[in-house]
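All values below were derived from every heavy atom in this structure, side-chain atoms included, with hydrogens, water molecules and symmetry-related copies excluded.
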Amino acid sequence: MTDLHSVYLEYLVALTLKRCGILPHSSEIATHIESVLKARHLNTPEKAKEFERNNWSIVETFTLVDQHKIDPIIKGVLTIAEIQNLLNCSDQGEILITVTRQCKAPFTQSWVLHLGTNINLFSSDTFVINLKLALELESPQSPIKIKKIEHEDFDINQFLEKMEMYKLFHSKS
């Protein structure tokens, strides 16, 4: 049963990242983050060399959703459906993304964010899975790799039952 739980959890994460626009638009988001980090922290060649020589990392938190409002950069990248899905995954109207950017080549970015997704599609009762995701990009142009998935405890049997319907519904669309 835990193998099915793991498979469904990975499927849920991949689908959530896709539906929220994070997966298909990761390059645009990472490129924006890269430009902001360079402008704020590596604004001179000497500063960039110092960060790289000392093998430092830059850690900064960005707001993707604040009080049910989408960051303007994200808003210009995502489709309307992706924006709605991102809003639906927010925790009381907020989604923060903590970015760690390595300053030694190949300049990887690691992202940590929390998303809550409701997998109960056919009832007014919610079954929200709160996910904490650790993602990595080897460069702003590289695809996202899911490094770690954390979640709160929930009834595994109920999760498997709800995910079966959720998977069937989304496999048709």
Side-chain angles (χ1 to χ4, degrees), residues 1-30 32-33 57 59-75 77-102 108-138 140 142-173:
M1 187 164 18
T2 52
D3 287 340
L4 185 57
H5 167 262
S6 296
V7 168
Y8 273 163
L9 194 58
E10 289 175 18
Y11 173 79
L12 177 63
V13 168
L15 184 61
T16 300
L17 290 173
K18 180 181 176 190
R19 293 184 71 237
C20 291
I22 294 168
L23 190 61
H25 304 291
S26 61
S27 291
E28 294 97 325
I29 296 167
H32 167 69
I33 289 170
S57 298
V59 179
E60 191 156 334
T61 300
F62 294 84
T63 304
L64 297 180
V65 178
D66 184 24
Q67 297 179 5
H68 303 286
K69 294 181 185 133
I70 300 288
D71 178 276
I73 297 300
I74 304 300
K75 192 176 187 178
V77 170
L78 304 181
T79 67
I80 292 172
E82 290 166 340
I83 290 171
Q84 186 60 48
N85 290 331
L86 190 61
L87 289 170
N88 288 337
C89 287
S90 68
D91 180 21
Q92 297 185 6
E94 181 176 87
I95 296 178
L96 302 175
I97 181 170
T98 301
V99 177
T100 303
R101 194 266 202 189
Q102 300 301 316
T108 59
Q109 288 184 15
S110 300
W111 299 354
V112 175
L113 71 151
H114 297 261
L115 298 172
T117 186
N118 180 13
I119 62 171
N120 195 1
L121 299 171
F122 307 108
S123 170
S124 61
D125 297 331
T126 59
F127 191 88
V128 175
I129 306 292
N130 290 311
L131 303 165
K132 179 181 178 184
L133 307 176
L135 310 169
E136 185 176 274
L137 294 95
E138 291 177 10
S142 67
I144 286 181
K145 293 179 185 170
I146 300 168
K147 299 303 266 182
K148 189 174 183 181
I149 302 168
E150 294 179 22
H151 61 81
E152 60 192 17
D153 289 334
F154 50 75
D155 181 333
I156 290 176
N157 291 327
Q158 190 177 12
F159 171 71
L160 295 175
E161 177 187 314
K162 302 268 185 219
M163 276 304 295
E164 190 61 37
M165 289 187 291
Y166 193 78
K167 181 187 75 151
L168 288 172
F169 177 80
H170 284 292
S171 67
K172 293 177 183 176
S173 57

Contact summary for [X] and [Y], nearest pair of heavy atoms:
{"X": "Cys89", "Y": "Cys20", "result": "SG-SG, 3.6 Å"}
{"X": "Trp111", "Y": "Ser26", "result": "CH2-O, 3.9 Å"}
{"X": "Leu23", "Y": "Ala14", "result": "CD2-O, 4.2 Å"}
{"X": "His114", "Y": "Ile95", "result": "O-CG2, 4.0 Å"}
{"X": "Tyr11", "Y": "Met163", "result": "CD2-CE, 3.6 Å"}

Would you check if Val65 and Ile74 make a side-chain contact, meaning some heavy-atom pair closer than 4.5 Å? no
For residues Phe159 and Leu12, determine if any side-chain heavy atom of one lies less than 4.5 Å from a side-chain heavy atom of the other. yes
Spatial distance of atom [atom1] ([X]) from atom [atom2] ([Y]) [nearest 0.5 Å]:
{"X": "Glu161", "Y": "Ile119", "atom1": "CD", "atom2": "CD1", "answer": "9.5 Å"}
{"X": "Ile73", "Y": "His25", "atom1": "CD1", "atom2": "NE2", "answer": "14.0 Å"}
{"X": "Ile97", "Y": "Ile33", "atom1": "CD1", "atom2": "CD1", "answer": "4.5 Å"}
{"X": "Leu9", "Y": "Leu160", "atom1": "CG", "atom2": "CG", "answer": "10.5 Å"}
{"X": "Ser90", "Y": "Lys69", "atom1": "OG", "atom2": "NZ", "answer": "13.0 Å"}
{"X": "Ser57", "Y": "Gln102", "atom1": "OG", "atom2": "CD", "answer": "3.5 Å"}

Decide whether Gln84 and Asn88 meet the rule of one side-chain donor and one side-chain acceptor closer than 3.5 Å.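 Yes.
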Pairs involving residues 89-101, ordered by first then second residue, that meet salt bridge (Lys or Arg N to Asp or Glu O under 4.0 Å) (sequence neighbours left out):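 For residues 89-101, and leaving out neighbouring residues, the salt bridge (Lys or Arg N to Asp or Glu O under 4.0 Å) pairs sorted by first residue read Glu34-Arg101.
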What salt bridge (Lys or Arg N to Asp or Glu O under 4.0 Å) pairs are there with at least one residue in residues 118-138, not counting sequence neighbours?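 Matches after skipping sequence neighbours: Glu138-Lys145.
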Indicate the ring-plane relationship of His5 and Phe154, choosing parallel, tilted or perpendicular according to the 30° and 60° boundaries. tilted
